Every structure is written in structure tokens, then in C-alpha cells.
Amino acid sequence: MSKYHTPVMLQQCINFIAPKPGGIYVDATIGGGGHSLGLLQSCPDIHLIGFDQDAEALQEAQQTLFPYQDRVELIQANFSRLRTELAFRQIKTINGILFDLGVSSHQLETTERGFSFELDAPLDMRMDQDSELTAETVLNELSQRELTKIFRDYGEELNASRIATKIVRVREKHPLKTTGDLVKVIESVAGKGTKASLKTKVRIFQALRIYINNELEILEQALKDAINILQPGGRIVVLSYHSLEDRIVKNVFRTAAEGEKMPSELSYLGNNNKGKLQLLTRKPLLAEAEEIKNNPHSRSAKLRAAEKI
Ligand SMILES: C[S@@+](CC[C@H](N)C(=O)[O-])C[C@H]1O[C@@H](n2cnc3c(N)ncnc32)[C@H](O)[C@@H]1O
């Protein structure tokens with residue numbers, strides 16, 4: 001397997017998607033192409049469309065999937081453009097779709113991308129390097145209140161307000177430039193070398209990444225779009241890596257399975273549609289201990305799958 005990124009819960013994803021010859025499948029977050037390669041190897045006679053907003057990821061996926069290049073189309077776009085990009089290609093329905101959310105190991109380990117608090121690098125954190133908003137802008141230009149809200153809403157961080165206050169105080173003297181500058185601020189509030197301070201760093205970095213890449217706002221609509229374009233019998237599989245993402249996946253799946261509620265004055269009619277999805281996982285599946293040992297990135301993964309009715 002390539003060093004770029006080891007696909008998480010690969011066999012489970014393939015089993016749930018269960019690709020069929022002739023079908024059209026979408027990998028909404030193709031990354032290094034590991035999951036897509038697995039899908040193509042399990043059923044070579046499919047057409048696979050891969051999205052990623054990161055140009056570097058698509059280059060890697062292109063190499064990984066080279067033996068199947070006739071059956072693969074790669075699109076550099078945010079998956080929020082799923083419907084538009086497929087419509088543009090005259091594709092009205094698909095047979096399966098996979099979302100493997102978040103960042104790849106390669107993105108995390110590439111120092112200059114600024115995703116990791118363990119590597120000192122410019123404050124960037126953009127998945128799409130053509131987009132404008134960087135972590136440096138956010139940390140130096142947003143108000144204390146705005147920063148607090150980001151750290152609370154997207155990091156569920158209890159020290160949100162204190163860390164935001166400290167950032168504002170520090171940047172009055174000199175702007176924050178590197179991830180190391182941010183780590184110093186976090187450690188000055190949350191302490192150094194303890195489990196708690198490590199968790200705070202994880203949460204603050206996660207919060208900034210989610211905000212900069214608009215990850216949660218995009219996700220809900222993209223999942224709804226994906227469910228709408230699935231053919232009956234088609235499958236959707238989502239791997240998420242933190243509770244905020246998983247909550248969105250759970251709620252979108254549940255609403256699609258139960259049907260939208262009628263307005264209260266018409267509630268005696270029950271739900272206004274019968275539901276479009278059958279859940280294949282009541283509770284999310286987690287990676288096995290063996291996989292977590294070999295690939296620590298899989299520790300926080302939660303897999304949810306469903307089938308279009
Ligand atoms: C966890 S990695 C996927 C790894 C992939 N499954 C593999 O086997 O190599 C997530 C990828 O999704 C991309 N990504 C995250 N959010 C995205 C979005 N909203 N639109 C498009 N790509 C996105 C990231 O750039 C990253 O390359």
C-alpha cells in the first residue's frame with residue numbers, strides 16, 4: 001500500500017458498496033485513491049468518478065489508478081459540487097458513493113500544509129490550495145468572540161474563550177505566523193506535556209481546519225444530494241473521524257430513512273414520505289483492534305452505510 005495514505009476499513013467499505021459490473025460509483029474524497037483501487041480491484045467493470053479538492057491528491061490518485069485509467073474520471077472539485085459536476089457529465093443516477101472525510105495522512109504529514117501541531121509550519125490548513133482563507137488570516141484578523149465561537153463550535157473546547165483572548169493579546173505585539181506560534185499560545189493556557197493539553201491542541205487545530213475548509217456546512221447538503229442521486233439499491237458509505245461529523249451523518253441518514261416530518265398542523269397524516277433509505281448500520285462500525293494497531297489513523301473512524309430504497 002502506498003505511503004500516501006492507508007485506506008481505513010477498506011474491506012468493510014467495499015463490502016457495503018458492493019460494486020456491480022457496469023455501475024457508476026463515486027469516491028467523493030479520493031485522496032490517494034486507496035479505497036477506489038479496492039473498489040476497482042473487486043469489480044473492474046465499473047465506471048469510477050473521483051472527487052478531491054486537493055490537486056496533489058488527484059495526482060497521487062491518478063498514479064494509483066493508472067491500470068484502470070479507462071474506467072476512471074478524476075474531478076478537482078469540492079464534493080459540494082457533486083450534483084453540478086455529475087449533471088454536467090449527463091450522469092443522472094449513480095450506483096454507489098463513498099465519503100472518507102477529513103484529511104489524508106499525506107496532508108497531515110506534509111509540513112508546509114500546516115495541518116499538524118507536531119510540525120512547525122506556516123499557518124495554512126487549506127485543503128484546496130486555490131482557496132484564499134488561511135489559518136494565518138483567521139487567527140490574526142477575527143475577533144476574540146469569533147475565535148471563541150470557532151473553538152467552541154468546531155472543537156468543543158472548554159478553554160475556547162481563554163485561548164482566543166490569549167491569541168488576541170499575543171498578536172497585538174506580533175502576528176501569529178506559524179503552527180509553532182499557535183502551539184505556544186495553546187500551551188500557555190492549557191499547559192505542556194499533559195494528556196489534557198494534547199487534547200486541547202487536537203481540538204483547536206481541528207476547529208480551525210473545519211472552519212477554514214467549511215467542512216460541516218458542506219457535508220449535510222452533500223450527503224442529501226448524494227442520497228437523491230443514488231439509484232434504488234444503490235449504497236452510500238461514510239467514514240467520519242470526529243463526533244461533529246458523525247452527528248451530521250447520523251441525522252441526515254435518519255431523516256432520509258424516516259421521511260421528513262409533516263408540519264404540526266398536518267401531523268395526523270404521519271410523515272410526508274416513506275423514507276428513501278434503509279440503514280445498513282444501526283450503530284456506526286469501528287475499526288478492528290488489529291487495524292488500529294497497524295494504522296492509528298483508523299482509531300477514531302466511524303462507518304455508517306445505507307441503501308436507497
Ligand atoms: C481521508 S482522505 C481520503 C483518503 C482516501 N480514501 C484514500 O484511500 O486514499 C480525505 C480526502 O478528501 C479530501 N476532501 C475533504 N473534504 C473534501 C471536500 N469537501 N471536497 C472534496 N475533497 C475533500 C481531502 O483533500 C483528502 O484528500
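Indexing begins at 1, ligand by ligand and atom by atom, following the structure's order. The structure presented is a predicted model; accordingly, all values stated were derived computationally and were not measured. As a basis for the values below, the full set of heavy atoms in this structure was taken, side chains included, without hydrogen atoms, waters or symmetry mates.
If you check which protein heavy atom lies closest to atom 19 (N) of ligand 1, you get N78 OD1, 3.0 Å. Atom 12 (O) of ligand 1 has T29 CB, 3.2 Å as its closest protein atom, hydrogens excluded (heavy atom only). The protein atom (non-hydrogen) at minimum distance from atom 11 (C) of ligand 1 is D52 OD2, 3.5 Å. Atom 9 (O) of ligand 1 has G32 N, 3.0 Å as its closest protein atom, hydrogens excluded (heavy atom only).
Residue contacts with ligand 1, taken as heavy atom pairs separated by less than 4.0 Å, do not involve D27 at all. At a 4.0 Å heavy-atom cut-off, ligand 1 touches A77 through the backbone alone.
Taking every non-hydrogen atom of G34 and a distance limit under 4.0 Å, the qualifying atoms of ligand 1 come out as 7 (C), 8 (O), 9 (O). Each of the following atoms of ligand 1 lies closer than 4.0 Å to a heavy atom of D54: 25 (O). Residue L101 has at least one heavy-atom neighbour below 4.0 Å for each of these atoms of ligand 1: 1 (C).
When hydrophobic clusters are built by joining Ile, Leu, Val, Met, Phe, Trp and Tyr residues whose side-chain heavy atoms come closer than 4.5 Å, directly or via intermediates, I218 is not grouped with V237. Residues I24 and Y68 fall into different hydrophobic clusters, defined by Ile, Leu, Val, Met, Phe, Trp and Tyr side chains chained together at heavy-atom separations under 4.5 Å.
Within the 3.5 Å criterion, the main-chain N or O of M125 finds a donor-acceptor partner in the side chain of N213. When atom types are taken as modelled, the side chain of Q206 and the backbone of V202 share no donor-acceptor pair closer than 3.5 angstrom. Side chain of S298 to backbone of V8: no donor-acceptor contact under 3.5 angstrom is found.
When each of K199, R203, R152 is paired with E157, the salt bridge (Lys or Arg N to Asp or Glu O under 4.0 Å) condition holds for R203 and for no other.
An N or O contact shorter than 3.5 Å links F79 to ligand 1 by distance. Not a single N or O atom of H297, backbone or side chain, sits closer than 3.5 Å to an N or O atom of ligand 1. Inclusion of Y241 in the set of residues having an N or O under 3.5 Å from an N or O of ligand 1 is not warranted.
Taking only non-hydrogen atoms, the option from E56, R209, M127, R126 nearest to atom 14 (N) of ligand 1 is M127. One option in D100, L239, L219 has a heavy atom closer to atom 6 (N) of ligand 1 than any other, and that option is D100. One option in R81, E215, Q53, H5 has a heavy atom closer to atom 16 (N) of ligand 1 than any other, and that option is Q53.
Between K149 and D153 a salt bridge is recorded (basic side-chain N to carboxylate O distance below 4.0 Å). Between E132 and R126, no side-chain nitrogen of the basic residue sits less than 4.0 Å from a carboxylate oxygen of the acidic one, so the salt-bridge criterion is not met.
Every heavy atom of N214 sits 4.0 Å or more from the atoms of ligand 1. Using a 4.0 angstrom heavy-atom cutoff, I30 counts as in contact with ligand 1. Judged by the shortest distance from any of its heavy atoms, A222 lies outside the 4.0 Å radius around the atoms of ligand 1.
Side chain to side chain, E60 and H5 fail the donor-acceptor criterion of an N or O pair below 3.5 Å. K276 and N228 form a side-chain donor-acceptor contact under 3.5 Å, judged by distance and modelled atom types alone. Side-chain contact, S197 with T200: no donor N or O sits under 3.5 Å from an acceptor N or O.
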